Structures are given as structure tokens and as C-alpha cells.
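Report on the structure given below.
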There are 2 protein chains.
Amino acid sequence: MLTKKGAATRQRIIEAAAAEIREHGVAAATLEDIGRRSGTGKSQMFHYFPDGKDQLLLAVAQWEAGRVLEDQQPYLGQLTTWEAWHRWRDVVVERYRRQGVHCPLGVLITEVGPKTPGAQAVTRQLLEQWQHEVRQGITAMRDSGRISRDIDSDRAAAALIAAIQGGVTILMSTGSAAHLESALDLCLDYLRLPVSA
Amino acid sequence: MLTKKGAATRQRIIEAAAAEIREHGVAAATLEDIGRRSGTGKSQMFHYFPDGKDQLLLAVAQWEAGRVLEDQQPYLGQLTTWEAWHRWRDVVVERYRRQGVHCPLGVLITEVGPKTPGAQAVTRQLLEQWQHEVRQGITAMRDSGRISRDIDSDRAAAALIAAIQGGVTILMSTGSAAHLESALDLCLDYLRLPVSA
């Protein structure tokens, strides 16, 4: 268990590492540079990340995954009106359009190894949390009578997450957000189907 | 321009390489093994792939991309009835479920480098061809009055391709086809919306 001060130091190292990696790439970001940027020495770095660079990279990946969700707030956390859904849709498209072909989280996952348990846990938790928030929004809209009871919240939330994942993957390959927009819009149109009497 | 015999030899090398890579992985598949399997010597390999292993890997990637589409036939090429659409949906899900977390095309793209022009061309052509066939199906269904004229074929085809891409990406990370199925089913339900009078 870290003390409050310890947790703050650890967090400072993670954010310094994230910034170094975003600026110079994961291969060029050395522990020395990260130490200098965060104002921590070698022994401190070792104290918080005794297993070395991969352990630090995973912690950075975890932090980047958190940012993916934060960037969608406050809309993602309160998808209770159609206005919030459409704002959320725009924020997601704009976020990934700005990010373009360079995904900070993807870089880290690739470096640590997409098949390693640590990397898979980060990816899985991100998708689960994301899908959970979308599902809560759909459920709230159903409860307030804005979304038809014929719509399965679990399935629709899973489909939305797949649509975003696919749209972003294609954006990272082509540079165009067209697929992401088409997929999100089709899902939203589907959710907006008339509520049967 | 290759002679008919030349084209056959080149194809034999590509298929031998694909088999070696599927069995042993891309790193372990040597030009020697591929030569032995295809019954071609070093000078022949050099004749057809003068730029070396990466050129051969790209040709294999092209071939694997073709198989992705072939595996969806005959349904993908004749999406003119709802029965064909649902069979196609099942074939796609079954294909990727069987493939699991190991994607032969993805391995090649990763090896050659996802950002290289050659790899990007293979990916782009696959997505374009796939989307083209889906769009033709939607257009045919619209023309025969089975799909509402309110539905935009371009957008719906792009959304379907993104849905599949996302579902497969998640399947490769989690091992589960649930997202792929949810996303495909939501898109199909959307296409099946009642045709307005």
C-alpha cells in the first residue's frame, strides 16, 4: 500500500513517462529522461517499478486507457438525453480524428506485447468499462421511455463498442474518420427507432 | 508480364510460403523451407521476388486478403435475399471464431510493417472490395424493395465493415465472438427496418 506521497510520486513518474513517450516514441524514452522529467532518481524509480521498464510501460498504458474514457466525459457518464448521446458521438469522432494514425495506448500495448497478460488486462478493462458506461446510458434511456424496450441494452452496447473499435482501427490505417462516423451514426439511428406503443 | 507457366510457379511459391507461415510463424519460415515446399530453387525465388522476403510476404498478404473474401462466398457476392444475408453473417462469424486469436493476414501486415505503403495498399484494397460487395448487396435489396429507400447504402456498407473490423479486433484480443455477433446483428436488424410505404 502506497502512502499519499508515494502515490503522488508514482503518478508523477507515470505522467512524465507518458509525456516522454508521446513526444519521442516508446523506444527513445529512456528511464534517465523520465527520471529527469519527473524529478525522481534511479532508486525511486526502482522502488515504484522494481520489475523495470515493462512494468512502467504497463502503468502508463493503464493511465492512457483512463484518459480514453476521461476524454469522453462528461457525456459518456450521463447518456440520459439524446443531446448527450449526440455530443458524445461528436466528442468520440473529434478525439480520434485529432489523434489520427498515432495511438498512444496502441504504441504501449504493442511494445509490451498485445498477447501478454498485463497488456490484455488493460485492453479488456478499458473495453469493459467503456461498454458498461454505454450500457448504463441505454438502460437509462429505456427506463425514461426514450429508447424502445424492444432494444437489448447488452447487445446494443457491445455493438457500439465494436463499431467504435472498428472505426478507429480503420481510421488509424486510412487516416479517414468516415467509417467511425458511419458506424456510430447507424447505431444511434438504430437506438432512436420509434418506441412502440 | 508473366507467362502462364511463370504465373503458376509464382503462385506455387506464394501458397508454399503461406502454408509455411501458417504452420511455423513468419519468423521461422525461411526462404529455404519455402523453396523446398514449392519445389523451386533459389534462382527461381529470386526471379519472382527479386526484392527478397518482404516482397514475398506482401504477395502472401495479398493472397491471404483474397482468401478472406473467398471464405465468404458465395454469399458475399449475392446478397440479394435475407436468407443470403443471414448465411453470410453466420459464415463471417464462424470463419473468425475458427480463426481465433491468430490472424494470418495480420501477422504478415505486422511483419512487413502496418505503415508501409505496400501493407497499407493490401489492407485498403481488402476493405474497399469487401465494402463494395456489401454495398452492392444493399443496393440490390433496395432495388427489389426489400430494404427501405431511406437507408443510405454507402453509409450502411461502411458501418458494416467497421462493425466486422471492430468485432474481429475484439475477438482477437478476448477470444470471444460476442461483439462481432452483436455488431453484425444490430446492423442487420437496422437494414431490416420496415420499408415505409
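Numbers restart at 1 for each chain; the letters A, B, ... are given by sequence-line order, proteins then strands. Please read all numbers here as calculations on a predicted model, not as lab measurements.
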Task: Side-chain H-bond candidate by donor/acceptor type, Glu133(A) with Gln72(A), under 3.5 Å - done: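 The criterion, which ignores hydrogens and geometry beyond distance, is not satisfied for Gln72(A) and Glu133(A).
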Open item on the list: Would you call the rings of Trp82(B) and His86(B) parallel, tilted or perpendicular, taking 30° and 60° as the class edges?
Closed with: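 Aromatic pair Trp82(B)/His86(B) classed tilted.
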If you measure from the Lys or Arg side-chain nitrogens to the Asp or Glu carboxylate oxygens, is any gap between [X] and [Y] under 4.0 Å?
X: Arg36(B); Y: Glu20(B); answer: no
X: Glu94(B); Y: Arg97(B); answer: yes
X: Lys53(A); Y: Glu111(A); answer: no

- [ ] Tell me the residues of residues 155-189 of chain B whose non-hydrogen atoms fall below 4.5 Å from those of chain A, in number order.
- [x]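 So far as heavy atoms go, Arg155(B), Ala156(B), Ala158(B), Ala159(B), Ile161(B), Ala162(B), Ala163(B), Gln165(B), Gly166(B), Gly167(B), Thr169(B), Ile170(B), Met172(B), Ser173(B), His179(B), Ser182(B), Ala183(B), Asp185(B), Leu186(B), Cys187(B), Asp189(B) are the residues that approach chain A to under 4.5 Å.
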Open item on the list: Surrounding CZ of Arg87(B) (heavy atoms of other residues, nucleotides or ligands, distance under 6.0 Å), is the total greater than 12?
Closed with: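 Open: at most 12 neighbouring heavy atoms sit under 6.0 Å from CZ of Arg87(B).
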